[in-house]
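In what follows, chains carry the letters A, B, and so on, assigned in the order in which the sequence lines appear, proteins first and then strands, with residues in each chain numbered from 1.
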Amino acid sequence: GNSVTQMEGPVTLSEEAFLTINCTYTATGYPSLFWYVQYPGEGLQLLLKATKADDKGSNKGFEATYRKETTSFHLEKGSVQVSDSAVYFCALGHLRDDKIIFGKGTRLHILP
Amino acid sequence: DTEVTQTPKHLVMGMTNKKSLKCEQHMGHRAMYWYKQKAKKPPELMFVYSYEKLSINESVPSRFSPECPNSSLLNLHLHALQPEDSALYLCASSQDPGSSSSGNTIYFGEGSWLTVV
């Protein structure tokens with residue numbers, strides 16, 4: 001079946017550090033891949049997405065590239081800020097399917 | 001604009017109460033969803049409405065009753081809940097079920113924090 005695995009948190013970094021949050025997936029066919037972010041006390045916001053292999057999604061300085069050969073969609077940011085502290089969810093969705101599948105989430109703490 | 005609006009933001013209810021959560025979107029999306037999220041966990045799918053018809057019920061107890069009055073509105077009626085039902089309830093929508101152009105991107109509201117006492 002379809003599944004998403006992302007690195008366990010919490011991840012604690014200093015401001016301006018480089019961020020990588022790993023995400024790998026198992027799926028049949030050609031899924032779309034997403035990163036959602038949840039700030040404390042809020043709902044989920046779509047951060048970025050990629051719908052086919054080799055696509056790069058980007059937003060707010062975050063990037064992730066859809067790698068079919070390694071079944072990965074790692075989230076990266078070159079210089080994190082305190083305001084990036086949140087929980088990040090990797091997710092997978094299929095065309096013609098109303099469901100998306102979430103990873104367990106990675107809590108990120110950025111220290112000033 | 002990718003806005004999904006949920007009310008109320010916070011709700012406290014007793015186990016014998018009847019209450020409702022409401023959700024609205026004006027993006028012309030044809031699929032709407034209810035998710036439940038417990039602390040430090042990912043969202044869990046409860047229901048999906050596609051073109052105003054219930055298409056997915058993830059074996060949710062009958063004390064949760066969804067309703068889709070029209071393509072812009074989604075309600076979740078609550079009755080005889082248990083304290084373990086306390087959670088963040090998230091509404092979401094997507095443009096067109098099965099659309100290849102959108103990649104089936106799902107947009108979430110801010111959620112309704114429910115406490116059952």
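- Atom NZ of B:K41 has 12 or fewer heavy atoms from other residues, nucleotides or ligands within 6.0 Å.
- With a 6.0 Å radius and a threshold of 12 heavy atoms from other residues, nucleotides or ligands, A:E8 has its CD atom at or below the threshold.
- Contact between A:F89 and B:Q37 at its shortest, heavy atoms only, is CZ-NE2, 3.6 Å.
- Cluster membership for A:V4 and A:V37, using ILVMFWY side-chain heavy atoms within less than 4.5 angstrom, is shared.
- You'll find the side chain of A:I100 reaches within 4.5 Å of the side chain of B:Y35, heavy atoms only.
- Annotation: the span from A:F102 atom CZ to B:I106 atom CD1 amounts to 7.0 Å, rounded to 0.5 Å.
- More than 12 non-hydrogen atoms from other residues, nucleotides or ligands lie less than 6.0 angstrom from CD of A:E69.
- Enclosure of atom NZ in A:K68 by more than 12 non-hydrogen atoms of other residues, nucleotides or ligands within 6.0 angstrom is indicated.
- For A:L44, the parts lying near chain B are the backbone and the side chain together; criterion is any non-hydrogen pair under 4.5 Å.
- In this structure, A:G103 and B:P42 approach most closely via the heavy-atom pair O-CB, 3.3 Å.
- Side-chain contact between A:K104 and B:K40 is absent, with no heavy-atom pair separated by less than 4.5 Å.
- More than 12 heavy atoms of other shown residues, nucleotides or ligands fall within 6.0 angstrom of atom NZ in B:K9.
- Contact of the A:Q38 side chain with the B:L88 side chain is registered, since non-hydrogen atoms from C-beta on lie closer than 4.5 Å.
- For B:E58, the part sitting under 4.5 Å from any heavy atom of chain A is the side chain, from C-beta outward, and nothing else.
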